[in-house]
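What follows is one structure encoded as structure tokens, with my remarks underneath.
Naming convention: chains lettered A, B, ... in sequence-line order (proteins, then strands); numbering from 1 in each chain.
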Amino acid sequence: MDFKDTLIIWYSANKRELPWRKTKNPYHIWLSEIILQQTQVNQGLPYYERFIAQYPTVFDLANASETSILKLWQGLGYYSRARNLHTSAKLIVNEFDGEFPNNYKDLIKLKGVGDYTASAIASFAFNEVEAVVDGNVYRVLSRYFGIDTPINTTAGIKEFKSLATSLIDTEQPATFNQAIMEFGAIQCKPKNPDCSICPLQDSCVALEKQLVEVLPVKLKKTKVTKKHFNYLVFIDPHKNTLFEQRTKKGIWQNLYQFPLVESERSLNAEEFHLLNIDSELLDISNFDHSLYNEADIVHKLSHQHLYTKFWIIEVEELPKEAIPTKTLTNYPAPVLISDFINEFPF
DNA sequence: AATTCGGGGCG
DNA sequence: CGCCCAGAATT
């Protein structure tokens, strides 16, 4: 029995029941694939259910505000996915009359849809013969064929896409793609796979050469940078506060936060008070403050560690764009901020 | 080709 | 602590 048949038989016996596998609706499949980018199934699942419930069609998503989409996305990370989702939904509605692109070539033109996602939608929704190559597929192929080409290089990307294309079951591309990914997620998993029960154990090069824990090869990523964040939590007598949108490009773009002052290092109260906090709308030359957290709250991201302090500043008056603290949870915010909002007794 | 984008889970 | 996750866009 060949590679594809073994995988498909294994899949039929071991697959999980997942909601996006029960539909051919390209919009729903698209939503699931964007949500699942760099995200484990268990983490993405509740977000998928909420998005389907709140935005049942591409028209609902296109007509929504970006802020409400980001709010529903809150906590999932990589927020450009949500912004691109909205951009592409509007394109599909306004330019394609709501007709979803139905082939790889057109799908990959959508913002946020690259080779993997275009292949996934094209095969799952439209039965196009296009091989998916995600993290699972890299692992399965590199191990089974004993390939040590680094997967995060141009050469590796080309080599594995070509190999996957040569292996796909052209009669059932959707099932093959699901099968190889599920196999990577459950059987040929990153750590401590149980090769003794693997249906491919007799022909797996990595198992034979004891390379299972070595493959796939991945070039090391860059080191993390450290930053020091000081959030200014103003509170006036009416329990209003300042909460503003991050408009700059970069991390957490278009999410909301308290006014932020970065510093070179962690500040104590005296050093903080000496900061020249400049604001046209706010005279805070003489304010009283207290420190919410004595020790820095360390928020760790893939390539940044954020050492954070929240400074509570009680003032008599705030500019008119101040909002009631009760409404803070209506806005999309980074986990770092929303955790504070949920914790702090306003 | 290298970097940037989040957050959570796991050994 | 480092690596991984149904990757893509930007530099």
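- Atom CD in Gln304(A) sits roughly 12 Å away from atom C1' in dT3(B) (whole-Å rounding).
- Here CG of Asn240(A) is found 11.0 Å from CD of Glu317(A). Values are rounded to the nearest 0.5 Å.
- Through chains of ILVMFWY side-chain contacts below 4.5 Å, Tyr307(A) is grouped with Val298(A).
- Taking atom CG of Asn152(A) as the reference point, atom P of dT4(B) lies 15 Å away to the nearest angstrom.
- For the pair Leu45(A) CG and dA6(C) P, the interatomic distance rounds to 12 Å; values are reported in whole Å.
- Between Tyr79(A) and dG7(B) there is a side-chain N or O to OP1 or OP2 distance below 4.0 Å.
- In terms of position along DNA chain B, the nucleotide closest to Ala155(A) lies nearer the 5' end than the nucleotide closest to the other residue of the pair Asn192(A) and Ala155(A).
- Remark on DNA chain B: of its neighbouring residues Leu219(A) and Trp252(A), the 5'-side contact belongs to Leu219(A), judged by nearest-heavy-atom nucleotide.
- In the hydrophobic clustering, where aliphatic and aromatic side chains (Ile, Leu, Val, Met, Phe, Trp, Tyr) are joined below 4.5 Å either directly or transitively, Leu211(A) groups with Val214(A), Leu215(A), Val217(A).
- Between dC4(C), dG6(B), dA6(C), one nucleotide has an atom nearer to the side chain of Pro190(A) than all others, and that is dC4(C).
- Distance, Leu301(A) CG to dG7(B) C1': 8 Å, rounded to whole Å.
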For residues 27-37 of chain A, tabulate all N or O donor-acceptor pairs below 3.5 Å that involve a side-chain atom, not counting sequence neighbours.
unit_1, atom_1, unit_2, atom_2, d
Tyr27(A), OH, Tyr55(A), O, 2.7
Tyr27(A), OH, Thr57(A), O, 3.3
His28(A), NE2, Pro56(A), O, 3.1
Ser32(A), OG, Ile29(A), O, 2.7
Glu33(A), OE1, Tyr116(A), OH, 2.7
Gln37(A), NE2, Gly112(A), O, 3.3
Gln37(A), NE2, Thr117(A), OG1, 2.9

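- Distance noted for atom P between dG8(B) and dA8(C): 22 Å (whole Å).
- For dG7(B), neither phosphate oxygen OP1 nor OP2 lies less than 4.0 angstrom from any side-chain nitrogen or oxygen of Trp73(A).
- Residues from residues 177-187 of chain A lying near DNA chain B, meaning a heavy-atom separation below 4.0 Å, are absent.
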Between the protein and nucleotides 8-10 of chain B, are there any N/O to N/O pairs under 3.5 Å, and if so, what are the atom names and distances?
none

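- Distance check on atom C1': dC5(C) versus dA1(B) gives 23 Å, rounded to whole Å.
- Among the atoms of the strands shown, only primed sugar atoms or phosphate atoms (P, OP1, OP2) are found under 4.0 Å from some heavy atom of Arg139(A).
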Kindly list each side-chain donor-acceptor pair under 3.5 angstrom involving residues 41-52 of chain A, sequence neighbours excluded, with atom names and distances?
unit_1, atom_1, unit_2, atom_2, d
Tyr47(A), OH, Gln74(A), O, 2.7

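- In this structure, CZ of Arg81(A) is placed 19 Å from P of dT4(B), rounded to the nearest angstrom.
- A salt bridge is absent between Arg143(A) and Glu208(A): the closest approach of a Lys/Arg side-chain nitrogen to an acidic carboxylate oxygen does not fall below 4.0 angstrom.
- By the 6.0 Å contact criterion, CZ on Arg265(A) is open, its count of non-hydrogen atoms from other residues, nucleotides or ligands being 12 or less.
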Return all side-chain donor-acceptor pairs below 3.5 angstrom for residues 247-258 of chain A, not counting sequence neighbours, or 'none' if the list is empty.
unit_1, atom_1, unit_2, atom_2, d
Gln253(A), OE1, Arg83(A), NH2, 3.2
Asn254(A), ND2, Glu66(A), OE2, 2.5
Gln257(A), OE1, Arg246(A), NH1, 2.9

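- Separating the NZ atom of Lys227(A) from the P atom of dT4(B) is a distance of 9 Å, rounded to the nearest angstrom.
- Protein atom CD of Gln253(A) is 10 Å distant from nucleotide atom P of dC5(B), rounded to whole Å.
- If you check every strand for non-hydrogen atoms under 4.0 Å, Trp20(A) touches a base.
- Summarising the geometry, the separation between NZ on Lys220(A) and P on dC3(C) is reported as 7 Å, rounded to the nearest angstrom.
- Applying the ring pair (Phe, Tyr, Trp, His ring centres under 6.0 Å) definition to pairs two or more places apart or across chains, those involving residues 121-177 of chain A are Phe3(A)-Tyr144(A), Phe3(A)-Phe145(A), Tyr138(A)-Phe160(A).
- Scanning for ring-ring contact (aromatic ring centres under 6.0 Å, His included) contacts around Trp311(A) gives Phe272(A), His289(A), with sequence neighbours left out.
- The gap from the P atom of dT4(B) to that of dA6(C) amounts to 25 Å, rounded to the nearest Å.
- Judged purely by distance below 3.5 Å, without hydrogens or angles, the side chains of Lys309(A) and Ser263(A) never pair a donor atom with an acceptor atom.
- If you check every strand for non-hydrogen atoms under 4.0 Å, Leu76(A) touches a base.
- With sequence neighbours left out, the ring-ring contact (aromatic ring centres under 6.0 Å, His included) criterion links Phe344(A) to Tyr292(A), Phe340(A), Phe346(A).
- Between His303(A) and dC5(B), a side-chain N or O to OP1/OP2 separation shorter than 4.0 Å is present.
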Dump every N/O contact between nucleotides 7-11 of chain C and the protein below 3.5 Å, one line per pair.
unit_1, atom_1, unit_2, atom_2, d
dG7(C), OP1, Gly135(A), N, 3.1
dG7(C), OP2, Gln38(A), N, 2.8
dG7(C), OP2, Gln38(A), NE2, 3.4
dG7(C), O5', Gln38(A), N, 3.4
dA8(C), OP1, Gly114(A), N, 2.9
dA8(C), OP1, Gly114(A), O, 3.4
dA8(C), OP1, Thr117(A), N, 2.9
dA8(C), OP1, Thr117(A), OG1, 2.8
dA8(C), OP2, Tyr116(A), N, 3.3
dA9(C), OP1, Gly112(A), N, 2.5
dT11(C), OP1, Lys249(A), NZ, 2.8

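- At the heavy-atom level, Val41(A) lies under 4.0 Å from the strands shown only through sugar-phosphate atoms.
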Validation: residues 326-339 of chain A side-chain donor-acceptor distances under 3.5 Å, sequence neighbours left out:
unit_1, atom_1, unit_2, atom_2, d
Thr327(A), OG1, Pro324(A), O, 2.8
Ser338(A), OG, Val335(A), O, 3.3

